[in-house]
Amino acid sequence: LRRSNVFDLIGSEARTIRERVGLVDTSVFSRFEVTGPNAEAWLDRLLAARLPAAGRARLAPMLGHDGRLKGDLTAFHWADGTYWLMGSYYLREFHLRWFADHAMPDAQVRDISDATTGFLLTGPAAGRVLQRCTHQQLDLPFMGCGELDVGMIRARVGRLSIAGELGFEIHCEAAEHATLRQSLLEAGRADGIAEVGYYALNSLRLEKSFGIWSHEFTQGYTPAMTGLDRWIAFDKGDFIGREAALAARQADRHPSTLVTLEIDATDADARGFEPIWHGNRRVGFVTSGGYGYTVRQSLAMAMVDRAFAQPGTALTVHVLGILRAARVVPPSPYDPEGTAMRAAANHGA
């Protein structure tokens with residue numbers, strides 16, 4: 001439970017993405033294809049977000065009838081009119097049941113999670129590496145998506161990254177996965193590309209205050225508690241959970257909210273469910289934590305009482321039974337303006 005001999009190895013992977021370019025296997029995500037005459041109408045009712053325009057992607061919360069979260073998905077609208085929903089692989093059966101329970105005629109949902117896979121290519125040199133693999137102009141805008149020839153593979157590519165850097169989610173057929181990996185590693189050799197695992201990715205997303213399902217986002221939370229309400233289009237018309245979520249937001253009846261903490265830890269970091277204190281009063285708990293190698297600080301995301309959620313608030317956190325000083329910090333300790341991930345697609349090319 002303490003920092004082990006992998007601590008520096010994870011740090012090296014995290015710095016690879018921050019300073020150069022890293023490759024992350026995205027087989028751990030589910031993918032659903034939505035087609036048919038009523039695909040748009042069905043998605044508009046299912047998702048709380050406004051649907052992305054053709055050639056765009058968007059973060060898309062999905063709510064239950066009680067206004068609480070059912071999923072934090074990414075919606076892709078490809079130029080051919082096809083939609084994809086992308087989420088956590090371990091939730092795919094849960095999501096499929098939810099889709100089936102709210103099915104609409106002439107809206108077909110196909111689980112392509114095992115047939116389609118891919119990689120996240122991310123870091124300052126990501127655009128340069130990807131440009132070496134294609135004859136096409138790399139001009140995808142931030143949160144854009146489209147088809148691209150990557151080596152010998154016709155891939156679907158989205159311009160986003162949970163690491164908070166310039167990034168491209170590159171999707172291919174499962175049979176093409178090994179070939180795509182080889183092409184990207186070869187193209188990135190001159191820029192010091194390395195394959196990166198999810199411990200490093202967890203560190204990078206904590207530095208951006210990006211929440212994930214089962215930690216910051218669960219069925220027990222409303223969008224307003226987690227900050228996902230900024231993605232909800234309450235004015236777009238009816239969708240599942242709208243009235244309940246709107247009532248909860250207007251009443252402000254949920255006393256807890258999600259914050260980012262810096263913790264004065266030494267040889268261990270918070271992981272989740274550690275109690276948070278203000279004096280002798282317990283005011284919250286950690287949802288997830290780790291070490292931020294870029295900001296050189298032990299970080300955690302936490303659900304705390306709103307009265308103690310202001311940046312600068314001094315708190316304490318139990319980490320492996322030892323009370324550590326902590327303080328609330330503004331979201332995104334690294335690159336709060338989001339400049340890195342919004343860099344031009346051909347940045348560094």
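- Arg2 is linked by a salt bridge (charged side-chain N to carboxylate O under 4.0 Å, His left out) to Asp267, counting only residues two or more places apart in sequence or in another chain.
- Note on Asp335 versus Arg342: no salt bridge recorded, every NZ/NE/NH1/NH2 to OD/OE distance being 4.0 Å or above.
- With sequence neighbours left out, the salt bridge (charged side-chain N to carboxylate O under 4.0 Å, His left out) criterion links Arg189 to Glu186.
- Scanning for side-chain contact (heavy atoms from CB on, under 4.5 Å) contacts around Tyr89 gives Arg92, Ser113, Asp114, with sequence neighbours left out.
- Listed by chain and number, the residues in a salt bridge (charged side-chain N to carboxylate O under 4.0 Å, His left out) with Glu195 are Arg181 (sequence neighbours excluded).
- Checked against ring pair (Phe, Tyr, Trp, His ring centres under 6.0 Å), Trp98 has the following partners two or more places apart in sequence or in another chain: His65, His102.
- The six-membered or imidazole ring of Trp42 lies near that of Phe99, with a centre-to-centre distance under 6.0 Å.
- Within the structure, the side chain to side chain donor-acceptor pair (under 3.5 Å) test picks out the following pairs touching residues 217-230 (sequence neighbours left out): Lys70-Gln219.
- Checked against ring pair (Phe, Tyr, Trp, His ring centres under 6.0 Å), His77 has the following partners two or more places apart in sequence or in another chain: Tyr83.
- Taking each heavy atom of Gly197 and Glu13 in turn, the nearest pair found is N-OE1, 2.9 Å.
- Judged as a salt bridge (charged side-chain N to carboxylate O under 4.0 Å, His left out), and not counting sequence neighbours, the contacts of Asp238 are Arg45.
- Listed by first and then second residue, the side chain to side chain donor-acceptor pair (under 3.5 Å) pairs that reach into residues 48-63 are Arg50-Asp235, sequence neighbours excluded.
- With sequence neighbours excluded, the residues satisfying ring pair (Phe, Tyr, Trp, His ring centres under 6.0 Å) with Phe7 are Tyr291, Tyr293.
- Alongside Trp78, the hydrophobic cluster contains Ile17, Val24, Val28, Phe29, Phe76, Trp84, Met86, Ile112, Leu120, Phe142, Met143, Leu160, Ile162, Val196, Tyr198, Leu201, Leu204, Phe210, Ile212, Met341 (criterion: ILVMFWY side chains under 4.5 Å).
- Between Thr266 and Arg3, the side chains place no donor N or O within less than 3.5 Å of an acceptor N or O (distance only, hydrogens not considered).
- Between Arg205 and Glu216, at least one side-chain N (NZ, or NE/NH1/NH2) sits under 4.0 Å from a carboxylate O, which counts as a salt bridge.
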Can you give me every donor-acceptor pair (side chain of residues 256-263, partner residue at least two apart or in another chain, under 3.5 Å) with its distance?
unit_1	atom_1	unit_2	atom_2	d
Thr260	OG1	Ser209	OG	2.7
Glu262	OE1	Arg327	NE	3.3

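- Judged by a 6.0 Å distance limit and a 45° cone about the ring axis, Arg281 is not positioned over the six-membered ring of Phe308.
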